[in-house]
Amino acid sequence: MMALPGGRHLDSIPIPGQRLHLMQVDSVQRWMEDLKLMTECECMCVLQAKPISLEEDAQGDLILAGGPGPGDPLQLLLKRGWVISTELRRIGQKLAQDRWARVHSMSVRLTCHARSMVSEYSAVSRSSSQEMGQIEKLLMEKCSELSAVTERCLQVENKHVLKSMKACVSETLSTLGQHFGQLLELALSREVQALVRKIDASDNIYTMESTTGNLFSLTQEGAPLCRIIAKVDGVLCLADILTDDSHSEATRAEAAAVVAQVTSPHLPFTQHLSSFLESMEEIVAALIKLCQEASSGEVFLLASAALANITFFDTMACEMLLQLNAIRVLLEACSDKQRVDTPYTRDQIVTILANMSVLEQCASDIIQENGVQLIMGMLSEKPRSGTAAEVAACERVQQKAAVTLARLSRDPDVAREAVRLSCMSRLIELCRSPSERNSSDAVLVACLAALRRLAGVCPEGLQDSDFQQLVQPRLVDSFLLCSNMEESFV
């Protein structure tokens with residue numbers, strides 16, 4: 001990954017109202033649904049895990065009332081997985097505090113949740129593999145062991161004996177967590193693979209768009225789901241959608257959104273994306289085409305976000321973008337308010353330019369397309385609404401614009417063009433005036449680096465005071481000077 005601070009993925013990009021409504025669940029509604037799961041198991045703890053009703057399915061109906069339906073195994077796994085993960089974490093906390101009564105009652109409750117997840121998923125899943133059956137058995141054995149050993153701890157008064165038993169409980173809890181993680185990943189992998197196969201096999205445009213949207217929703221659940229999507233060849237399926245012009249723009253935009261999430265530089269793993277390299281050239285070309293033909297700002301945002309993340313993932317992508325005339329496509333889009341009208345979109349564009357600017361041949365394309373002037377404009381990015389998210393986006397745009405300028409100014413032609421366009425004056429203003437950069441230290445460092453690079457080519461563009469304070473000292477000294485400046489200084 002290139003050293004470009006402030007990279008972002010779709011988590012930090014606001015989505016228009018209709019899309020936001022589809023992608024997120026109201027927090028109160030989510031709490032009410034989760035509460036039903038928790039309260040039912042509280043009842044079962046009181047009854048020492050005895051069923052509330054004599055009817056076999058009454059318990060499951062009550063637990064999932066208002067929750068996922070019988071045909072929605074993915075949501076069932078996610079809900080149960082979240083509850084069990086929370087219980088495991090809380091048991092660990094109570095164990096550390098030696099609150100044995102709470103540890104035991106929560107262990108019984110955990111057993112109830114695990115048993116419910118296993119039985120409910122078995123009822124709705126297609127078929128159970130031998131591997132899954134073995135892990136289910138190990139999980140339930142450890143749950144029973146945890147409940148039994150914590151019950152014995154309640155009857156022990158000797159502190160030394162209790163201390164040794166605490167180590168045993170901790171080990172059992174750790175093993176239980178491992179079995180649970182293995183079971184959940186195995187089950188989720190099966191369900192995600194079923195979604196991918198459904199996309200591959202479907203000829204119905206509405207089914208394909210809906211299923212692709214479901215994949216995107218799964219990426220919002222966090223890094224593990226992104227890894228699973230890539231592991232089951234979900235990226236290759238998305239590549240087929242992106243490169244097929246017969247699919248609607250909306251479907252290809254959904255596919256681009258999933259690619260953006262799966263390739264996020266914030267994910268703590270990349271080895272799962274080895275299959276991505278096989279289709280990277282086709283995906284990059286399709287995303288550039290989607291940017292070029294986008295009918296709305298949202299479509300352009302999703303496609304450019306995917307491209308931005310891919311440039312972090314592999315430097316080959318930057319070379320491909322250069323061959324595909326991506327600089328011209330992106331810079332032309334900046335003058336089209338229908339496609340590029342927010343700092344969030346400009347954040348994606350300048351990220352791509354910053355990562356491409358490490359290539360020497362990028363400089364000539366930037367000059368040819370009047371890109372230096374565009375970068376100069378990005379140094380003056382201002383928020384319109386004043387929201388925290390938009391202010392942060394503007395800071396990222398300013399920072400990355402300065403980084404791009406510093407990298408491109410290795411080429412004397414770019415440096416001279418930047419000086420001609422008064423970039424040095426703007427960089428000095430950003431350094432000396434905290435309000436111009438929203439008091440961002442990241443923007444300050446990037447501007448000082450860019451200013452020093454330009455000063456090395458055209459020192460005559462600086463006044464003596466600017467040179468002595470912003471260029472001549474060590475970078476850290478100039479940083480401390482500027483970060484402590486008051487507004488009245490300017």
Side-chain angles (χ1 to χ4, degrees), residues 22 25 29-30 32-41 43-44 49 51-88 109-141 143 176 179-202 204 206-208 210-222 224-225 227-229 231-232 234 237:
L22 293 173
V25 179
Q29 179 186 345
R30 177 68 177 266
M32 292 290 286
E33 292 176 359
D34 293 336
L35 188 62
K36 292 174 182 176
L37 299 176
M38 302 297 290
T39 52
E40 169 60 13
C41 281
C43 295
M44 293 185 69
I52 290 179
S53 170
L54 294 177
E55 299 178 16
E56 289 185 3
D57 58 346
Q59 173 188 337
D61 290 343
L62 181 58
I63 289 176
L64 290 178
D72 195 359
L74 259 174
Q75 287 304 313
L76 186 151
L77 288 169
L78 292 174
K79 281 180 175 292
R80 283 294 183 194
W82 177 81
V83 171
I84 293 174
S85 297
T86 302
E87 289 295 333
L88 284 168
R109 187 167 63 197
L110 176 67
T111 302
C112 299
H113 283 308
R115 185 183 297 116
S116 295
M117 186 183 83
V118 169
S119 62
E120 291 162 9
Y121 181 66
S122 297
V124 299
S125 64
R126 294 151 187 82
S127 61
S128 181
S129 65
Q130 183 178 359
E131 180 184 8
M132 187 172 292
Q134 290 174 346
I135 298 176
E136 288 174 357
K137 182 180 178 181
L138 291 172
L139 174 64
M140 296 316 303
E141 286 176 352
C143 284
L176 191 157
H179 291 326
F180 165 68
Q182 292 170 354
L183 179 62
L184 186 61
E185 177 161 347
L186 195 59
L188 285 172
S189 296
R190 289 180 60 193
E191 298 306 322
V192 172
Q193 192 167 44
L195 273 183
V196 171
R197 288 172 179 168
K198 185 177 180 180
I199 294 173
D200 280 336
S202 177
N204 186 300
Y206 301 107
T207 300
M208 190 169 294
S210 172
T211 309
T212 307
N214 290 340
L215 274 184
F216 176 78
S217 297
L218 287 177
T219 64
Q220 305 301 289
E221 296 291 337
L225 267 297
R227 180 173 55 80
I228 288 173
I229 289 172
K231 187 178 71 173
V232 299
C237 171

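Predicted, not measured: the structure shown is a model, and the values here were computed from it.
Summarising the geometry, atom SG belonging to Cys143 is positioned 7.5 Å from atom CD1 belonging to Ile84; distances are rounded to the nearest 0.5 Å. Taking CZ of Arg115 as the start and CE of Met140 as the end, the distance is 5.0 Å to the nearest 0.5 Å. Atom CD1 of Ile199 sits about 4.0 Å away from atom OG1 of Thr212, to the nearest 0.5 Å.
Proximity of a side-chain donor or acceptor of Ser210 to a complementary backbone N or O of Tyr206 within less than 3.5 Å is not detected. Of the possible polar contacts, none joining the Thr211 side chain to the Met208 backbone as a donor-acceptor pair under 3.5 Å is found.
Nearest heavy-atom pair, Tyr121 versus Leu77, reported as atom, atom and distance to 0.1 Å: CE1-CD1, 3.7 Å. In plain terms, the two heavy atoms of Ser116 and Ser119 that are nearest each other are O-OG, 3.1 Å. Minimum interatomic distance between Leu139 and Ala114 (heavy atoms only, all atoms of both residues): CD2-CB, 4.3 Å.
The side chain to side chain contact (heavy atoms under 4.5 Å, CB included) with Leu188 is formed by just one residue from the set Leu74, Val232, Leu218; it is Leu74.
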Acceptor/donor pairs from residues 179-186 side chains to any protein atom, 3.5 angstrom cut, sequence neighbours excluded:
residue, atom, partner, partner atom, Å
Glu185, OE1, Arg227, NH2, 3.0
Glu185, OE2, Arg227, NH1, 2.8
Glu185, OE2, Arg227, NH2, 3.4
Glu185, OE2, Lys231, NZ, 3.1

TODO: Kindly determine whether Asp72 and Val124 satisfy side chain to side chain contact (heavy atoms under 4.5 Å, CB included), including the steps that lead there.
DONE: CA-CA 8 Å; Asp72 195 359; Val124 299; over 6 Å; no
Open item on the list: One pair to check against side chain to side chain contact (heavy atoms under 4.5 Å, CB included): Ile228 and Gln193. What are the steps and the verdict?
Closed with: CA-CA 9 Å; Ile228 288 173; Gln193 192 167 44; over 6 Å; no
TODO: Would you please test Thr219 and Leu225 for side chain to side chain contact (heavy atoms under 4.5 Å, CB included) and show each step?
DONE: CA-CA 6 Å; Thr219 64; Leu225 267 297; over 6 Å; no
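Counting heavy atoms from C-beta outward, Ser122 and Glu136 have side chains that approach closer than 4.5 Å. The side-chain heavy atoms of Val196 and Ile229, taken from C-beta on, include no pair separated by under 4.5 Å.
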